[in-house]
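Everything on this sheet refers to the single structure shown next.
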Amino acid sequence: MSAASTSTAPTSSPTSSEALPTAEQHGIKEHSDGRFGFVPVQTRSARFKSFDVADFPAVTGREAVWKLSPVAKFTDLTGGVLDGSAYDIDTASHADVDVSWVDRTDSRIGTAGAPEERAAANAWSAFEKALAITVSGEEAKEITLTRANLGSAPRAAHTIIEARPFSQAVVILQNTGDARISENVEIIVGESANLTVVTVQEWNADAVQLANHFATIGRDARLKHVVVSLGGGIVRVNPSVHLAGQGSDTELFGLYFADAGQHLEQQVYVNHDAPNSRSRVTYKGALQGAGARTVWIGDVLIGRTAPGTDSYEQNRNLVLTEGTRADSIPNLEIETGDILGAGHASATGRFDDEQLFYLQSRGIGEIEARRLVVRGFLSEIVQHIGSKPLEERLQGAIEDELRGTEGN
Amino acid sequence: MSVLEIKDLHVSVETDQGTKQILRGVNLTINEGEIHAIMGPNGSGKSTLAYTIAGHPKYHVDSGSILLDGAEVLTMTVDERARAGLFLAMQYPVEIPGVTVTNFLRTAKTAIDGEAPAIRTWIKDVRESMAKLRMDKSFAERNVNEGFSGGEKKRNEILQLELLKPKFAVLDETDSGLDVDALKIVSEGVNRAKENTGLGLLLITHYTRILRYIKPDFVHVFVDGRIAEQGGPELADRLEDEGYDRFLAETPVG
Ligand SMILES: Nc1ncnc2c1ncn2[C@@H]1O[C@H](COP(=O)(O)OP(=O)(O)OP(=O)(O)O)[C@@H](O)[C@H]1O
Ligand SMILES: [Mg+2]
């Protein structure tokens, strides 16, 4: 049992991050799979990027971005021909939210980021039209876009979510049904805008999704980004946030529940690139059933351009049964001495027999006991989503996940 | 009139060195409303007895039986035992991350009563019990036992005792780790629970000091996995003066 929890307090001259292990105070027993902690990677900002799939060699599975993914199971997405046509979207219209298909020549395309791996570049090269969601208007509003009929042939997609300066909205991307998809989502948050993007993955059991979200956040703007992955065979959602404007702020939440045989992955990257920017990353996952597998990698870069940065990232996993594997790898790179705070924590704990015994000794049945613990553990994320109807529905979906393996 | 009967109980545990016998024929009958103190040296098997009554899976019952009003407890699951009216205040209460005290208490109460408690009176009951145990209101929203001090954990156990209203409660060294003030507060809680519900108590302790506040009807000296001697409250006084040496000398070491 061990824990990785480090924090770097502002000191006079920290030019690199210090890893000071501290005792965990989270009450869950930690276990180490020997993978988290500081990993000597090349500086994240120096990673190769290209919009063209031909610039990337064939995927071997040894690449930093792929080494924890079952790459053999989606060679069609990393190397094959993808259908880049438009698809069905179900949404209610709102006066201040424009939803339309735009051409590849749209000026916003490529402004929020660029692919760092082959599946993303393959999708970028293949999409024919991009789905553009453009938010204006200062009052709060919520819009849900549902994709339910993507089919099981390999396809590409490109989405733009733009919040115009001073605008405000909650945009929910709801994913169900079959899918084999590689896609890129560009999120552009204009000056002083306040945008929440929630992506919910409730795919069918065979679905494969490789998604990259690239966000760029303007001056004094705020992005809340929430990844909820419950259903799907292989679901990889990698948000990458560029804090480009002074005083920009992002909160990145993730909630995942891996059942037997599911691979749920998220590689989070926060690039502090402007003064007084703030980031909070909180991902929580539960694992239940043989072969349930989760991966969380959290890279935070605090650049020379980002004095006054305030940053904290954490990942917590709750292991409910034997035979699961959770990788949790936080990385913190600090290039400036002038920061407010930066820290990270990672812990994988199990719901152990002693906890179960304690709850049962108070009359609570085993299934109810598990439900109580998992609901409590994940509700921290659910509560932050910011859409009451969605929060309620997800609480129910989590209960269903638990019920899914009641017989175990 | 409820009765808890422990008959010729033999219990072992699997260790790295193989099976280890711990309880070697425990006989004990507790009637509703009675307070039995079990005193014994470290490692004599007191907690093992407590856990076995509660049904901890680690402890294997080789033979014997535990009857609650004639019904065999040993075949019940842990939660069934609790619902049948048994309660264990643990020596080392477990931390439950992600579950608040409020949520935990309500879920336990609902499970034990078979129906949700009436909201208004329940909230009032919880508040009053917490106040009497000098637990700050903020504990209600904290995760169960997470970051609680040793004494706070013990209060939280007695809070549950008061609210869940069992027929029989086993208190495993509830006094250890408490300063005098906390000991009084916790003892008052136990006495209150007994007054209100007339429950039977099995009070496991290492020292006699809690017996100043909770008066036992019977005292049992526990040595090497069985009851070596029993008597009234005066036996506790004698133990205070003489210690356990007299009993230990009679049993082989190991
Ligand atoms: N799970 C276990 N694995 C190995 N040995 C155990 C286990 N549980 C109990 N024992 C052993 O059984 C014996 C009795 O333990 P128990 O905890 O019941 O004693 P106790 O009387 O409660 O002691 P204390 O006064 O220290 O609380 C001890 O020798 C202990 O080491
Ligand atoms: Mg003990």
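Lettering of chains follows the sequences in order, A, B, ..., and the numbering in each one begins at 1. Heavy atoms only: backbone and side chains are in, while hydrogens, waters and symmetry mates are out.
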Given that the side chain runs from C-beta out, which part of B/N143 has a heavy atom under 4.5 Å from chain A: side chain, backbone, both or neither? neither
What part of A/E380 gets within 4.5 angstrom of chain B, counting heavy atoms only: side chain, backbone, both, or neither? neither
Any side-chain heavy atom of B/V73 within less than 4.5 Å of one from B/L67? no
Find out whether B/V126 and B/L163 are in side-chain contact, i.e. whether some heavy atom of one side chain is under 4.5 Å from a heavy atom of the other. yes
What verdict does the side chain to side chain donor-acceptor pair (under 3.5 Å) test give for B/E162 and B/Q160, after you've listed the backbone C-alpha separation in whole Å, the side-chain angles of each residue and the deciding distance to 0.1 Å? CA-CA 5 Å; B/E162 284 203 70; B/Q160 294 166 50; over 6 Å; no
Side chains of B/L164 and A/R362 in contact at under 4.5 Å (non-hydrogen atoms): yes
May I ask you to test the B/V186-B/T174 pair for a side-chain heavy-atom distance under 4.5 Å? yes
What pairs meet the ring pair (Phe, Tyr, Trp, His ring centres under 6.0 Å) rule with one or both residues in residues 60-109 of chain B, with sequence neighbours excluded? A/Y358-B/F104
Taking 4.5 Å as the heavy-atom cut-off, does anything in residues 112-121 of chain B contact chain A, and if so which residues? B/I112
Chain A contact via B/K109 - side chain, backbone, both or neither, heavy atoms under 4.5 Å: neither
Is it the case that the ring center of B/Y51 lies less than 6.0 angstrom away from the ring center of A/F357? yes
Based on non-hydrogen pairs under 4.5 Å, which of B/A82, B/P166, B/A84 is most in contact with chain A? B/A82
Positive for side chain to side chain contact (heavy atoms under 4.5 Å, CB included) with A/V200, one of A/L390, A/L173, A/N175: A/L390
